[in-house]
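Note that these values count all heavy atoms, side chains included, but never hydrogens, waters or copies made by symmetry. Keep in mind that this is a model prediction, so the values were computed, not measured.
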Amino acid sequence: LCAKISLKDKFPGLYDICTTQNCPVNELCRKNWRLDFRRWLDKGLQDQLRHLHDIIFRYKVNEAKDVASWDWEKTGNFSVKSMSKHLCCK
């Protein structure tokens, strides 16, 4: 399993200087994922931004409501059994 990490934690340098930290996803999508920064991005931050865009553009955004999904159960629903199984197998 791959670890789930927020983009904020994966790209802290970009997040720290981003002026649109609280912008909703649908608004950023309408802006074609254009982020605004407080300063010019050096080569390292430009590389991180390209990597971020590579991640973002893998997904399609729609207007559907978000739904919770439990990764450790095929149905996507939480169960004590699936939690116990996951904890015991780690």
Discussion item. Is there a side-chain contact between W72 and K85 in this structure, where contact means two heavy atoms from C-beta onward sitting under 4.5 Å apart?
Written reply: no
Worksheet, complete the sentence: Value for CE (M83) from SG (C88), rounded to nearest 0.5 Å, stands at 10.5 Å
Worksheet item: Should we say atom NZ of K31 is surrounded by more than 12 heavy atoms from elsewhere, each under 6.0 Å from it?
Response: yes
Solution key, residues 48-55 side-chain donor-acceptor pairs under 3.5 Å, sequence neighbours excluded:
| from | atom 1 | to | atom 2 | distance (Å) |
| --- | --- | --- | --- | --- |
| R50 | NH2 | D47 | OD1 | 2.4 |
| H53 | NE2 | W33 | O | 3.3 |

For residues 9-27, which side-chain donor-acceptor pairs fall under 3.5 Å, sequence neighbours excluded?
| from | atom 1 | to | atom 2 | distance (Å) |
| --- | --- | --- | --- | --- |
| D9 | OD2 | S6 | OG | 3.1 |
| T19 | OG1 | D36 | O | 3.1 |
| Q21 | NE2 | Y15 | O | 2.5 |

Item to complete: Output yes when a side-chain donor or acceptor of E73 lies under 3.5 Å from a complementary backbone atom of S82, and no otherwise.
Response: no
Worksheet entry | Which residues share a side chain to side chain donor-acceptor pair (under 3.5 Å) with S84, sequence neighbours left out | none
Practice prompt. Examine L35 and W40 and state if one hydrophobic cluster contains both, with Ile, Leu, Val, Met, Phe, Trp and Tyr joined whenever side-chain heavy atoms are less than 4.5 Å apart.
Written response: no
Worksheet item: Is it the case that more than 12 heavy atoms not belonging to R34 sit under 6.0 Å from its CZ atom?
Response: no
